[in-house]
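Because the structure is predicted, anything quoted here is derived from the model rather than measured. Counting begins at 1 with the first residue of the sequence.
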Amino acid sequence: MGQDYYNILGIERDANEDQIKKAYRKNALKYHPDKNHSPDAEDKFKKIAEAYEVLSDPQKRAVYDKYGEEGLKGQPVNGGAGPGGANFSFTFKDPRDIFSQFFGGQNIFGDDGFGGGVGGGGPAAGFHGISFGPAGMSGMWGGGGRGSMSGMFFGGGDDERMDFQNSGFTGGAKRQRQDPPLETPLNLTLEELYQGCEKKMKINKRVLSPDGTTRQEDKIITIGVKPGWKAGTKITFPQEGDEVAGKIPQDIVFVVKEKPHPLFTRDGNDLYYMASITLKEALVGTTPSIPTIDKVVIPYKLPGVTTPKTEVRIPDHGMPISKTPGQYGDLIVRFNIEFPSELPPKNKQKLSDLLP
């Protein structure tokens, strides 16, 4: 019979929908490779997703209960053909996509993986938009207002799915393919990534009508930017691309890009700031005013000699750490020492007498 999906989830064969969901939640969280680093975690996580995908769907579960894993995968059952006399074949989804969809796009283990629920709740940052069509994506535009982000999750990629509704398990399943995701940059300032915000995107896409014709349709989707997100974070909206006959609409993926900042540069969760001081201040000491990303100005006393290699670390004034809310990186201050362009002869002699 192949794999025992009930045993994999740790449930009885008469388990109901709620019991199946609870079992999947428990096991998927326990064995997710981003949390569990044991050698067999990846394989167990994949099997857990496979078991949930089958047992959570009444039609697939019925086929499995009757024909086992072989029946789902198109292998001959008891020396004959698959269900209904046809060679039925089912291709499983990516286990990470199943996990992401199950948890509604929430950022369970952090921003660099598959999470991505609404976070921060910062101020509305206006509308932006992209258009889909023969030329791909184009056209960011401004506006305002708030919205929802239902259907958002992290992940994406090539996917092959089965249309069980139309197959009837008698004449074989109807295959539908999905093209690779459409990616577009989501340009954000350091302030937006520090505070969290909302970005509204206008999607203009082709929609397939029942008669086979297509029409253009606008849709506003909202991205809740979580404080601390980093460049490269991907936010996926499943099946929001153009509708094409015989294909699953493409996923839309927004990739976070950090805009250059006039004062700070970012390295992980830390921020770097270059403070300028004079040669005199570097030698005798000074108290420069250090700006921070959270709009606080910190007077920092430099009591001794400051060199071009001096670094001052100010704790908790860097970027939010998205995986541990309430914690922040550091602000690291480096110094640009401004030398005089020329020095009068009498001052040269004085310095020569004073300096070792």
Asks: Does some side-chain heavy atom of V63 sit less than 4.5 Å from a side-chain heavy atom of K60?
Replies: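 No - every pair of side-chain heavy atoms lies 4.5 Å or more apart.
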Asks: To check you understand the geometry: which heavy-atom pair defines the closest contact between A51 and I8, and what is its length?
Replies: CB-CG2, 4.2 Å
Asks: Decide yes or no on side chain to side chain contact (heavy atoms under 4.5 Å, CB included) for Q19 and E12, but give the supporting numbers first.
Replies: CA-CA 9 Å; Q19 291 170 326; E12 301 294 331; over 6 Å; no
Asks: Hey, is K219 close enough to E217 for a salt bridge, meaning N to O under 4.0 Å?
Replies: no
Asks: Minimum heavy-atom separation for P181 to V253, with atom names?
Replies: CB-CG2, 3.5 Å
Asks: Run the ring-centre check on Y52 versus F102 and record whether the distance is less than 6.0 Å.
Replies: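 When the ring centroids of Y52 and F102 are compared, they turn out to be within the sub-6.0 Å range.
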Asks: Is any side-chain heavy atom of I332 closer than 4.5 Å to one of L271?
Replies: no
Asks: So which heavy atom on R61 is nearest to which on Y6, and how close?
Replies: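 So the minimum-distance heavy-atom pair works out to NE-OH, 2.9 Å.
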Asks: With side-chain hydrogen bond (donor to acceptor under 3.5 Å, both in side chains) as the test, would you mind laying out the steps for Q101 and D97 before giving the verdict?
Replies: CA-CA 6 Å; Q101 290 171 317; D97 286 351; over 6 Å; no
Asks: Report the C-alpha distance between V256 and N187 in whole Å, list the side-chain angles of each, state the deciding distance to 0.1 Å, and finish with yes or no for side chain to side chain contact (heavy atoms under 4.5 Å, CB included).
Replies: CA-CA 6 Å; V256 172; N187 296 306; over 6 Å; no
Asks: For the backbone of K93 and the side chain of E53, can you confirm whether one donor and one acceptor N or O come within less than 3.5 Å of each other?
Replies: yes
Asks: If only atom types and distance count, is the side chain of T236 paired as donor or acceptor with the main-chain N or O of P238 below 3.5 Å?
Replies: no
Asks: Under a 4.5 Å cut-off applied to non-hydrogen side-chain atoms, are I235 and L186 in contact?
Replies: yes
Asks: Does any non-hydrogen side-chain atom of T286 lie less than 4.5 Å from one of T278?
Replies: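 Answer no - side chains too far apart.
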Asks: Following the transitive rule for hydrophobic clusters with a side-chain heavy-atom cut-off under 4.5 Å over Ile, Leu, Val, Met, Phe, Trp and Tyr, establish whether V333 and V297 coincide in one cluster.
Replies: no
Asks: Salt bridge check: are D65 and R13 linked by an N-O gap of less than 4.0 Å?
Replies: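 Counted as a salt bridge, because a side-chain N and a carboxylate O are separated by less than 4.0 Å.
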Asks: Does the gap between the ring centers of Y328 and H317 come in under 6.0 Å?
Replies: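 Ring centres of H317 and Y328 not closer than 6.0 Å.
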Asks: Strictly below 4.0 Å, N to O, side chains only: are E183 and K234 in salt-bridge contact?
Replies: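 Answer for the salt bridge query: yes.
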Asks: Look up atom CD1 in I298 and atom CG in L331, then write down how far apart they are to the nearest 0.5 Å.
Replies: 7.0 Å
Asks: Yes or no on side chain to side chain contact (heavy atoms under 4.5 Å, CB included) for V207 and T214, after CA distance, side-chain angles and deciding distance?
Replies: CA-CA 5 Å; V207 177; T214 59; over 6 Å; no
Asks: Would you compute the distance between atom CG of L9 and atom NZ of K22 and round it to the nearest 0.5 angstrom?
Replies: 14.5 Å
Asks: Before accepting this row, confirm whether a basic side-chain N of the pair K47/D43 lies closer than 4.0 Å to the acidic partner's carboxylate O.
Replies: yes
Asks: Can you measure from CG (D18) to CD1 (I20) and round to the nearest 0.5 angstrom?
Replies: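 Between D18 CG and I20 CD1, I get 9.5 Å after rounding to 0.5 Å.
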Asks: Do Y273 and I337 share a hydrophobic cluster (ILVMFWY, side-chain heavy atoms under 4.5 Å, transitive)?
Replies: yes
Asks: For E338 and E281, run side chain to side chain contact (heavy atoms under 4.5 Å, CB included): C-alpha distance rounded to whole Å, both residues' side-chain angles, the deciding distance at 0.1 Å, then the answer.
Replies: CA-CA 9 Å; E338 299 173 343; E281 291 171 333; over 6 Å; no
Asks: So if you build clusters from Ile, Leu, Val, Met, Phe, Trp, Tyr with side-chain heavy-atom gaps below 4.5 Å, do I290 and Y194 land together?
Replies: yes
Asks: Restricting to non-hydrogen atoms, name the atom on D251 and the atom on Q239 that form the minimum distance, rounded to 0.1 Å.
Replies: OD1-N, 2.7 Å
Asks: Assess whether a salt bridge exists between E192 and K259, defined as any Lys/Arg side-chain N lying under 4.0 Å from an Asp/Glu carboxylate O.
Replies: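 K259 and E192: not salt-bridged.
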Asks: Taking only Lys NZ, Arg NE, NH1 and NH2, and the carboxylate oxygens of Asp or Glu, determine whether E17 and K21 approach each other closer than 4.0 Å.
Replies: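 Result for this pair is yes, salt bridge flagged.
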Asks: In Å, rounded to the nearest 0.5 Å, how long is the span from CG of N36 to OH of Y31?
Replies: 7.0 Å
Asks: Applying the side chain to side chain donor-acceptor pair (under 3.5 Å) test to K205, which of Q216, E240, Q250, E243 qualifies?
Replies: E240
Asks: Quick check: is V284 connected to Y300 through a chain of hydrophobic side chains (ILVMFWY, heavy atoms under 4.5 Å apart)?
Replies: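 Yes, one cluster joins them.
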Asks: Any side-chain heavy atom of F45 within less than 4.5 Å of one from N27?
Replies: no
Asks: Just verifying a value: how many Å separate S352 OG and N347 CG, rounded to the nearest 0.5 Å?
Replies: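 Taking OG in S352 and CG in N347, the distance rounds to 12.0 Å.
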Asks: Closer than 3.5 angstrom, by distance alone: can the side chain of Q327 be matched with the main-chain N or O of T324 as a donor-acceptor pair?
Replies: no
Asks: Contact between L302 and F335 at the side-chain level, heavy atoms closer than 4.5 Å - yes or no?
Replies: yes
Asks: Can you give me the closest heavy-atom contact between A23 and I11, atom names plus distance?
Replies: CB-CG2, 3.5 Å
Asks: Stepwise, does the side-chain hydrogen bond (donor to acceptor under 3.5 Å, both in side chains) test hold for K226 with S322?
Replies: CA-CA 7 Å; K226 184 176 180 180; S322 59; 5.4 Å; no
Asks: Give the cluster check for V312 versus M319: same hydrophobic cluster or not, with ILVMFWY residues linked at side-chain heavy-atom distances below 4.5 Å.
Replies: yes
Asks: Find the distance between NZ (K200) and OG1 (T222) and round it off to the nearest 0.5 Å.
Replies: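 K200 NZ to T222 OG1: 3.0 Å, rounded to 0.5 Å.
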Asks: With a 4.5 Å heavy-atom cut-off, do L208 and V244 have their side chains touching?
Replies: no
Asks: What side-chain donor-acceptor pairs closer than 3.5 Å can you find for residues 262-270, not counting sequence neighbours?
Replies:
unit_1	atom_1	unit_2	atom_2	d
R266	NE	G268	O	2.7
R266	NH1	W229	O	2.9
R266	NH1	E258	OE2	2.8
R266	NH2	G228	O	3.1
R266	NH2	W229	O	3.4
D270	OD1	D330	N	2.8

Asks: Would you call P340 and L279 a side-chain contact if the rule is heavy atoms closer than 4.5 Å?
Replies: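 Sidechains of L279 and P340: in contact.
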Asks: On a heavy-atom basis, which atom in E42 and which in P33 lie closest, and how many Å separate them?
Replies: OE1-CG, 3.2 Å
Asks: Would you check, one step at a time, whether the test side-chain hydrogen bond (donor to acceptor under 3.5 Å, both in side chains) holds for Y5 with E50?
Replies: CA-CA 8 Å; Y5 291 144; E50 186 175 312; 2.5 Å; yes
